[in-house]
Amino acid sequence: MREKSQELFAQSNRFIPGGVNSPVRAFKSVGTDPIFYERAKGSHVWDADGNEYIDFVASWGPMILGHAPDAVLDAVREQLDKGTSFGAPTEIELKMAEAVSAAVPSVEEVRMVSSGTEATMSAIRLARGYTGREKFIKFDGNYHGHSDALLVAAGSGLVTLGIPSTPGVTKGAAADTVVLPYNDLEAVRATLAEIGEQVAAIILEPVAGNMGVVPPAEGFLEGLRALCDEYGVVLIFDEVISGFRVALGGAQERYGVTPDLTTLGKIIGGGFPVGAFGGKREIMQSLAPMGPVYQAGTLSGNPVAMVAGLALIAELKKPGVYDELERKGARLEAGLRAAVEAAGVEAYLTRVGSMACMFFAKGPVTDWSSAAKSDTERYARYFNGMLERGFTLAPSQFEATFVGLAHTDADIDAMTSAAGEVLRSL
Ligand SMILES: *Cc1c(COP(=O)(O)O)cnc(C)c1O
């Protein structure tokens, strides 16, 4: 069974808070101990006890090619012999900047950082520095990493663990964060009419992926773009999940709405710790050393991480990749819909490309208040039933299920047929 995992978890608890290095990895909300992994390849992962699973977590998004893809491993091996960090610029970083700028419509210039948290934190600072304004708008249930000002009404682990606001974030740090309901353009309009000239930025997940998967409502992104233009507000798409996922150029390519700044993470690092923020040249030029807004990083643009990301992006640029991801996503959705119908359970399915979510709720789910109506205990039973059958899902109702290029049709069909079995037993 999972004795080794249990033993490792017990020992880890003595040295690591909660036994995990990120709270979303604890299986608290699904009432199980976390599984300790040993290795992974393609669509499969193996745990410390030697159990094999078909994986639909994809390291929370990055593993869009599947685990340990040869193209990425080869690039990394080659770089290791040349050195792992120089603290000086490299041609590899130029290639990465060119690749990101070519792929992502809004990006004229880009800075590399080491996590999504750093990317969003820096983008907010840049928008504030550029506009000389202090407030910004975020949406309830959107997650933008764990910097102080952004940890207000955030999704992901906070909603999973039921932490509405966290101690340690001072009133001052949160005072300039305005929280509005996702997909509610009228609320944004009303807020800007009142305090528009104080608002530096609107930041959002253009496809929300941290309260389950919630697509943008028709006209929402376009409406935000128009309002930002009207009020001189910097529009930031946090595409840490959706970037290179819902299209090569992210949600901005898929929906045809171009923000002023974009934050990236997860996939861009090819499985290494990388984030990036980029956008309009005029705004990016406010950064030091060109401008006065300071931002820095000892390991930023790390050569090993950059070659990994570049190799992954090169794979994603091959013809037909996003059609294939769409097709696999659609196959998963169709299978799950059939399973839900056959079992007669109440569930609301959402999907954008290769990211999907089954809410145990009547729906429609359009924002955090509707997502929050989900039956999380039922999700926990579903999660555990799937795990017993050899399928790993995110240990939370409020996360995405990811399909990747390594999933075969047989993997997907096996998953949806197991889901059918589990749903009937709930
Ligand atoms: C994961 C995530 C982040 C934070 O990225 P980290 O690398 O975990 O710091 C920020 N924004 C979104 C949309 C994310 O999904």
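Note: hydrogens, waters and symmetry copies are ignored here, and every other heavy atom, side chains too, is used. Atoms within a ligand are numbered from 1 in the order they appear, just like the ligands themselves.
For the pair E346 and K362, the salt-bridge criterion is not met [side-chain N within less than 4.0 Å of a carboxylate O].
Counting only residues at least two apart or on different chains, the side chain to side chain donor-acceptor pair (under 3.5 Å) pairs with a member in residues 215-225 are R225-D229, R225-D260. The list of side chain to side chain donor-acceptor pair (under 3.5 Å) pairs with a residue in residues 293-307, not counting sequence neighbours, reads R111-Q295.
Within 6.0 Å of CD in E134 there are 12 or fewer heavy atoms belonging to other residues, nucleotides or ligands.
Here F139 and F220 bring their ring centres to under 6.0 angstrom of each other.
E186 meets the salt bridge (charged side-chain N to carboxylate O under 4.0 Å, His left out) test with R189; sequence neighbours excluded.
For a heavy-atom separation below 4.0 Å, the residues in contact with ligand 1 are S115, G116, T117, Y143, H144, G145, E205, N210, D238, V240, I241, K266.
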